[in-house]
Number of protein chains: 2
Amino acid sequence: MSTSKALPQPDREEIRIEQVLQALGEPVRLQIVRLLADQPDGIACGEIDLQVTPSTRAHHLRILREAGVISTHTEGTRRISSLRREDLDNLYPGLLPGVLAAPR
Amino acid sequence: MSTSKALPQPDREEIRIEQVLQALGEPVRLQIVRLLADQPDGIACGEIDLQVTPSTRAHHLRILREAGVISTHTEGTRRISSLRREDLDNLYPGLLPGVLAAPR
DNA sequence: TGATTAGTTCGACGTTGATCGTACTACGAT
DNA sequence: ATCGTAGTACGATCAACGTCGAACTAATCA
């Protein structure tokens with residue numbers, strides 16, 4: 001049976017720019033966002049190669065999700081995360097392209 | 001005699017997106033940026049009405065300057081700060097408009 | 001059932017960060 | 001020269017944050 005449950009996240013109207021910017025202003029989280037930007041259909045968190053432990057990774061993913069930057073839903077034992085590009089582009093047009101234009 | 005000395009700030013190539021985002025992700029600093037966005041010619045720091053003491057305000061202005069978000073030069077006893085809009089738009093096109101589009 | 005896999009939650013630890021008061025510097029005016 | 005104004009620098013304090021390990025949950029598979 002393929003379960004697919006979405007994790008709690010703020011509605012578009014609830015997203016606050018301060019939280020978004022603070023979420024993006026951390027190197028590991030910015031790296032996650034850059035990776036997700038190349039994966040329109042999302043990616044399993046575990047497949048993200050970061051220089052941190054699983055628990056730290058979970059922490060950062062939670063921050064991003066609660067800020068409204070990413071969306072995460074469960075598929076079996078996996079958690080698929082994806083950028084909330086439409087919401088962010090709507091609220092802050094240009095922000096995401098600008099961030100992603102930055103040299104790595 | 002009208003002295004006018006620019007305070008040290010990173011060159012455009014030295015600006016790093018992580019620092020910019022972190023600088024913007026603090027409520028007081030974001031408020032400063034929003035005020036400066038309406039003042040193309042800059043504004044004296046002291047004229048900014050914030051709910052913090054002068055020393056805290058100086059601290060935030062330094063963070064913004066060192067991140068490359070604002071530029072500050074001395075005019076007499078006053079320090080005039082302004083947004084580095086051209087540099088930011090060049091490095092991260094869309095970022096600033098996106099941030100400023102956010103509802104207060 | 002039991003084992004495995006994917007991921008989270010919790011508590012702890014060390015670091016960074018925001019805030020303030022006080023002391024200080026620099027310029028301008030009297 | 002003295003005083004007032006604008007702003008910075010330093011040190012202290014307290015809260016927030018990033019990190020990890022260990023224990024836990026939930027789904028899958030043998």
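Protein chains get the first letters and strands the later ones, always in sequence-line order, with residue 1 at the start of each. Quick caveat: nothing in here was measured; it's all calculated off a predicted structure.
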Side-chain donor/acceptor of A/Arg65 to backbone N/O of A/Pro8, under 3.5 Å: yes

Are B/Thr53 and C/dC20 close enough that a side-chain N or O sits under 4.0 Å from OP1 or OP2? yes

When the distance from NZ of A/Lys5 to C1' of D/dA26 is rounded to whole Å, what number comes out? 10 Å

Between D/dG7 atom P and B/Glu75 atom CD, what is the distance in whole Å? 11 Å

Check whether the side chains of A/Thr72 and A/Ser81 place a donor and an acceptor atom closer than 3.5 Å, and report yes or no. yes

Side-chain contact check for A/Val28: nearest option of C/dG7, D/dT8, D/dT19 is D/dT19

Once you round it to whole Å, what is the distance between C1' of C/dT16 and CD1 of B/Ile63? 11 Å

Check whether any side-chain N or O of A/Arg78 sits under 4.0 Å from OP1 or OP2 of C/dG7, and answer yes or no. no

Distance in angstrom units between B/Arg65 CZ and D/dA9 C1', rounded: 12 Å

Tell me whether B/Arg78 at atom CZ has more than 12 heavy atoms from other residues, nucleotides or ligands lying less than 6.0 Å away. no

Quick one: on DNA chain C, does A/Arg57 or B/Val52 contact a more 5' nucleotide (nearest heavy atom)? A/Arg57

Of the nucleotides D/dG18, C/dT8, C/dT9, which has the atom closest to the A/Arg79 side chain? C/dT8

Side-chain N or O of A/Gln22 less than 4.0 angstrom from OP1 or OP2 on D/dC17? yes

Quick check on DNA chain D: between B/Ser55 and A/Gln51, whose nearest nucleotide comes earlier from the 5' end? B/Ser55

Between the side chains of B/Arg29 and B/Glu66, is the shortest nitrogen-to-carboxylate-oxygen separation below 4.0 Å, so that they form an ion pair? no

Salt bridge between B/Arg84 and B/Glu14, side-chain N to carboxylate O under 4.0 Å? no

Could you state the CD-P distance from A/Glu18 to C/dG17, rounded to the nearest angstrom? 19 Å

N/O (side chain, A/Thr56) to phosphate O (OP1/OP2, D/dC20) under 4.0 Å: yes

Could you state the atom-to-atom distance from CG of B/Leu64 to C1' of D/dT8 in whole Å? 16 Å

Starting at atom CD of A/Glu26, determine the distance to atom P of C/dT15, rounded to an integer number of angstrom. 17 Å

Select base, sugar-phosphate, or nothing to describe what A/His60 touches, counting heavy atoms under 4.0 Å on all strands. sugar-phosphate

Taking atom types as they are modelled, would you say the side chain of B/Thr77 forms a donor-acceptor pair with the base of C/dG28 within the 3.5 Å cutoff? no

What nucleotide among C/dA18, D/dG18, D/dG7 has an atom nearest to a side-chain atom of B/Ala44? D/dG7

Quickly work out the A/Ile32 CD1 to D/dG18 P distance and round it to whole Å. 11 Å

